[in-house]
Amino acid sequence: MFRLWGKEFKDNRMVRDTVICDDSDDTRTHKVFHALDAVCYEFDLSKPIWLDAAVDEFRRHAKVRFTQDHFVDTIDFDYLEIQVIEE
């Protein structure tokens, strides 16, 4: 089972979080994108842009932080963090 943990932080405190589970036979990349879409839908956010630094960080640590630079719209928190917690 694939599980991704989405967390929203403001002033070094977690404001809200959610865990997205995916049992499909999709590739890992598709599961990550679908889970990120689900997190953004649940938190009512626009989808972040995957900059090169974010892609590299996710490949190395299975975890990435999306700051204001990754969003087209203005966000009212410091960053959105996603982390793969089970594959």
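Since the model is a prediction, treat every value here as computed from it, not as a measurement.
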Hydrophobic cluster membership, V84 vs V19, 4.5 Å side-chain cutoff | no
Heavy-atom side-chain proximity of E81 to M14 below 4.5 angstrom | no
Roughly how far, to the nearest 0.5 Å, is the NZ atom of K31 from the CZ atom of R3?
-> 13.0 Å
Same apolar cluster: V64 and V15, side chain cutoff 4.5 Å | no
Are V39 and I20 close enough that some pair of their side-chain heavy atoms sits under 4.5 Å apart?
-> yes
Keeping the roles fixed (side chain from H70, backbone from T67), state whether a donor-acceptor pair exists under 3.5 Å.
-> yes
Single-linkage hydrophobic cluster, 4.5 Å side-chain cutoff, L45 and L36 together | yes
Using modelled atom types only, decide if a donor and an acceptor are shared between the side chain of R16 and the backbone of F43 within a distance under 3.5 Å.
-> yes
Hey, quick one: are I75 and Y79 part of the same hydrophobic cluster, counting side-chain heavy atoms closer than 4.5 Å, chains of contacts allowed?
-> no
Minimum heavy-atom separation for D17 to K7, with atom names?
-> CB-CG, 3.9 Å
Measure the OG-NE2 distance between S24 and H34 for me, rounded to the nearest 0.5 Å.
-> 6.5 Å
Minimum side-chain heavy-atom gap L80-F71 below 4.5 Å | yes
Under the side-chain contact (heavy atoms from CB on, under 4.5 Å) rule, what do F2 and D26 come out as? Steps first, then yes or no, please.
-> CA-CA 10 Å; F2 178 84; D26 277 343; over 6 Å; no
Under 3.5 Å, is there a donor-acceptor pair between the side chain of D78 and the main chain of D11?
-> yes
With under 30° as parallel and over 60° as perpendicular, where do the rings of W50 and F66 fit, or are they tilted in between?
-> perpendicular
Consider only side-chain heavy atoms of I, L, V, M, F, W and Y, link residues closer than 4.5 Å, and tell whether I82 and F33 are in one cluster.
-> yes
Does some side-chain heavy atom of I49 sit less than 4.5 Å from a side-chain heavy atom of L51?
-> yes
Compare every heavy atom of C40 with every heavy atom of P48, then report the nearest pair and how far apart it is.
-> CD-SG, 3.6 Å
If a pair satisfies salt bridge (Lys or Arg N to Asp or Glu O under 4.0 Å) and one of its residues is in residues 41-55, list it, with sequence neighbours excluded.
-> D37-K47
